[in-house]
Number of protein chains: 2
Amino acid sequence: MLEGFLFLYKMVPDGGRQILSFHVPGDIPDLQSLHLRVMDHGLATAIQSTVGFIPHDALRTLCHAHPPLADKFWRDTLIDAAIFREWIVNVGSREAPSRIAHILCEVFLKLQAVGLTNGNSFEFPITQGEIGDATGLSTVHVNRSIQKLRADKLISIEKGRCTIWDWERLKRAATFDPTYLHLKSVGDE
Amino acid sequence: MLEGFLFLYKMVPDGGRQILSFHVPGDIPDLQSLHLRVMDHGLATAIQSTVGFIPHDALRTLCHAHPPLADKFWRDTLIDAAIFREWIVNVGSREAPSRIAHILCEVFLKLQAVGLTNGNSFEFPITQGEIGDATGLSTVHVNRSIQKLRADKLISIEKGRCTIWDWERLKRAATFDPTYLHLKSVGDE
DNA sequence: CGATGGCTTGAAATCTCTCAAAGAAAGTGG
DNA sequence: CCACTTTCTTTGAGAGATTTCAAGCCATCG
């Protein structure tokens with residue numbers, strides 16, 4: 001993925017949609033299906049985005065030829081899995097405002113890691129309905145929870161851009177621990 | 001993992017515990033941390049279990065020497081990730097009885113795949129409190145939801161054993177689609 | 001300018017949780 | 001094998017969180 005904003009999702013038979021992860025430039029979300037026959041989820045763009053395609057066969061051949069490179073890609077999929085795990089915690093164990101705050105913390109750090117933040121603000125072109133699909137909340141409740149975060153002077157969201165006014169308190173409100181993002185990976189194997 | 005019943009979990013600062021996945025004999029849950037420096041979750045036994053240990057270094061060396069084997073292990077971690085994704089859907093988008101039903105469907109198929117079911121019943125040594133931690137529900141509500149599933153003649157749970165009385169209706173109640181388990185993998189690469 | 005999609009608000013209905021207590025089952029030590 | 005302790009299951013009832021329904025507002029786009 002080169003540019004824009006993507007997300008993975010699954011439809012639920014009852015008509016709902018569950019968003020499973022957000023992706024920013026530098027991510028390779030499709031790696032999750034490299035060794036699986038069928039894709040069990042969908043991948044959508046939140047805004048106009050630019051992506052590159054690498055045929056699975058070519059990538060598998062490349063990995064066979066260069067095992068250390070394979071490890072790097074493998075590691076990438078393991079980090080995605082760690083993020084999925086944290087999302088289980090998010091929708092399973094946090095109350096509404098914390099769930100939203102947690103997602104904002106995560107997206108902020110992911111964007112910061114690729115230099116796409118602007119000080120304490122970043123592009124966040126996600127509608128409240130989509131936040132609801134990501135957090136397992138109704139749009140109405142998302143709206144009220146965001147108002148709460150705004151009233152607490154933690155963040156503001158307007159015109160597809162989110163600004164973080166108090167990072168420390170936002171982290172605390174989200175019970176956010178960045179360990180699961182495994183970001184300090186420069187030089188890691 | 002050779003014998004017993006394991007689960008992955010994460011503690012939440014507020015004192016709660018979120019269970020992230022259940023594991024049965026044949027699984028290799030620790031593969032998730034093969035290429036990560038720090039383990040961001042815990043692994044616990046639900047009952048007395050037998051496990052084997054393979055040093056990460058040895059496994060990485062083995063994978064470098066045999067890329068097709070590495071693919072198999074990699075695939076295993078991707079399936080775990082697919083299960084994590086389905087769990088996000090479970091806690092995020094299903095109502096209480098469906099969440100529990102969904103977990104029962106999953107465990108049943110995983111056990112069946114390794115020949116550990118007995119007809120339509122299987123060992124399920126998980127307390128209602130643990131089911132609550134896995135589904136993001138309180139113990140009390142788990143209890144009432146199980147009673148509902150029982151009253152509907154879908155399942156029964158007693159003495160650490162679960163019996164499925166109506167698989168089709170249970171699947172429907174859980175909106176369970178086994179695709180994400182990627183079980184028909186015999187011979188798959 | 002009308003139409004669309006997203007945001008906001010109010011109020012009632014529903015789900016789920018917490019608290020509190022009692023009954024049932026399982027494990028421990030004598 | 002029994003008494004005791006602990007853990008697990010079950011029940012009731014009130015409190016709290018979240019959803020649904022319904023409507024109005026606002027910005028954007030053709």
Side-chain angles (χ1 to χ4, degrees), chain A residues 5 7 12 14-19 44-48 90-104 123-152 155-163 173 175, chain B residues 5 7 12 14-19 44-48 90-104 123-152 155-163 173 175:
Chain A
F5 216 107
F7 58 85
V12 246
D14 316 39
R17 174 180 66 171
Q18 176 69 49
I19 291 181
T45 56
I47 52 170
Q48 197 171 59
N90 204 38
V91 291
S93 299
R94 294 195 183 94
E95 47 188 29
S98 301
R99 291 187 205 178
I100 297 167
H102 198 279
I103 283 188
L104 295 176
E123 197 188 1
F124 189 65
I126 306 298
T127 68
Q128 296 186 357
E130 286 161 349
I131 297 176
D133 288 344
T135 52
L137 299 167
S138 68
T139 304
V140 171
H141 203 54
V142 166
N143 182 278
R144 289 177 171 135
S145 300
I146 289 179
Q147 285 178 47
K148 210 163 286 178
L149 295 174
R150 249 199 297 251
D152 288 346
I155 57 144
S156 59
I157 303 181
E158 51 208 350
K159 295 176 207 253
R161 175 159 278 271
C162 173
T163 304
T175 60
Chain B
F5 216 107
F7 59 84
V12 246
D14 317 37
R17 175 180 65 171
Q18 176 69 48
I19 291 181
T45 56
I47 53 171
Q48 198 172 58
N90 204 38
V91 292
S93 300
R94 293 194 183 94
E95 46 187 31
S98 300
R99 291 187 206 178
I100 297 166
H102 198 277
I103 283 187
L104 294 176
E123 196 189 1
F124 189 64
I126 306 299
T127 68
Q128 296 186 359
E130 286 161 348
I131 297 176
D133 289 343
T135 51
L137 300 166
S138 69
T139 304
V140 172
H141 203 56
V142 167
N143 182 278
R144 290 179 169 133
S145 299
I146 288 179
Q147 284 180 46
K148 210 163 287 180
L149 294 174
R150 251 199 295 252
D152 288 345
I155 57 142
S156 59
I157 302 180
E158 52 208 350
K159 294 175 208 263
R161 176 158 278 272
C162 173
T163 304
T175 60

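Since we're looking at a predicted model, the values are computed, not measured.
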task: Describe, as an angle rounded to 10 degrees, how the axis at the first end of the helix from C:dT8-D:dA23 to C:dG30-D:dC1 is tilted relative to the axis at the last end, five pairs per end.
output: 50°
message: Between A:S98 and A:A173 (side chain of the first, backbone of the second, donor and acceptor by atom type, cut-off under 3.5 Å), is there such a pair?
response: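 Confirmed, A:S98 side chain pairs with A:A173 backbone.
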task: May I ask you to decide if B:R94's main-chain N or O and B:R99's side chain share a donor-acceptor pair within less than 3.5 Å?
output: yes
Using whole Å, report how far [atom1] of [X] lies from [atom2] of [N].
X: A:K148; N: C:dT9; atom1: NZ; atom2: C1'; result: 14 Å
X: A:I126; N: C:dG5; atom1: CD1; atom2: P; result: 18 Å
X: B:R144; N: C:dT14; atom1: CZ; atom2: P; result: 18 Å
X: A:E95; N: C:dT18; atom1: CD; atom2: P; result: 10 Å
X: B:Q48; N: C:dA26; atom1: CD; atom2: P; result: 17 Å
X: A:H141; N: C:dC15; atom1: NE2; atom2: C1'; result: 12 Å

message: So for atom CD, which belongs to B:E95, do other residues, nucleotides or ligands contribute more than 12 heavy atoms lying within a distance under 6.0 Å?
response: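 Counting neighbours around CD of B:E95, 12 or fewer heavy atoms of other residues, nucleotides or ligands fall under 6.0 Å, so no.
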Spatial distance of atom [atom1] ([X]) from atom [atom2] ([Y]) [nearest 0.5 Å]:
X: A:I146; Y: A:I157; atom1: CD1; atom2: CD1; value: 4.0 Å
X: A:T139; Y: A:N143; atom1: OG1; atom2: CG; value: 9.0 Å
X: A:E130; Y: A:F7; atom1: CD; atom2: CZ; value: 5.0 Å
X: A:H102; Y: A:T135; atom1: NE2; atom2: OG1; value: 12.5 Å
X: A:D133; Y: A:I126; atom1: CG; atom2: CD1; value: 10.5 Å
X: B:L149; Y: B:C162; atom1: CG; atom2: SG; value: 9.5 Å

task: Indicate, with a heavy-atom threshold strictly under 4.0 Å, whether A:G132 touches base, sugar-phosphate, or nothing.
output: nothing
query: Under 4.0 angstrom, heavy atoms only, what part of the nucleic acid is A:R150 near: base, sugar-phosphate, or nothing?
result: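 Sugar-phosphate contact only.
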query: Want to settle it: does B:I146 or A:G136 sit nearer the 5' end of DNA chain D, counting the closest nucleotide to each?
result: B:I146
- request: Could you pick out which residue, B:S145 or B:V140, lies toward the 5' side of DNA chain C when each is mapped onto its nearest nucleotide?
  value: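 So the residue in question is B:S145.
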query: Between which nucleotides of DNA chain D, 5' to 3', does chain A make heavy-atom contacts below 4.0 Å?
result: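 The footprint of chain A covers D:dT18 to D:dC21.
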message: By nearest atom, which of the nucleotides C:dA26, C:dT16, C:dT8 is closest to the B:L137 side chain?
response: C:dT16
Options C:dG6, C:dT18, C:dT16, nucleotide nearest the side-chain atoms of B:S138: C:dT18
message: Tell me whether the side-chain N/O atoms of A:N143 come closer than 4.0 Å to OP1 or OP2 in C:dC7.
response: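 The answer is no; no side-chain N or O of A:N143 sits under 4.0 Å from OP1 or OP2.
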message: Whether A:Q147 contacts C:dT9 is assessed here as follows: a side-chain N or O lying under 4.0 Å from the phosphate OP1 or OP2. Is that the case?
response: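 A:Q147 to C:dT9 OP1/OP2: side-chain N or O found under 4.0 Å.
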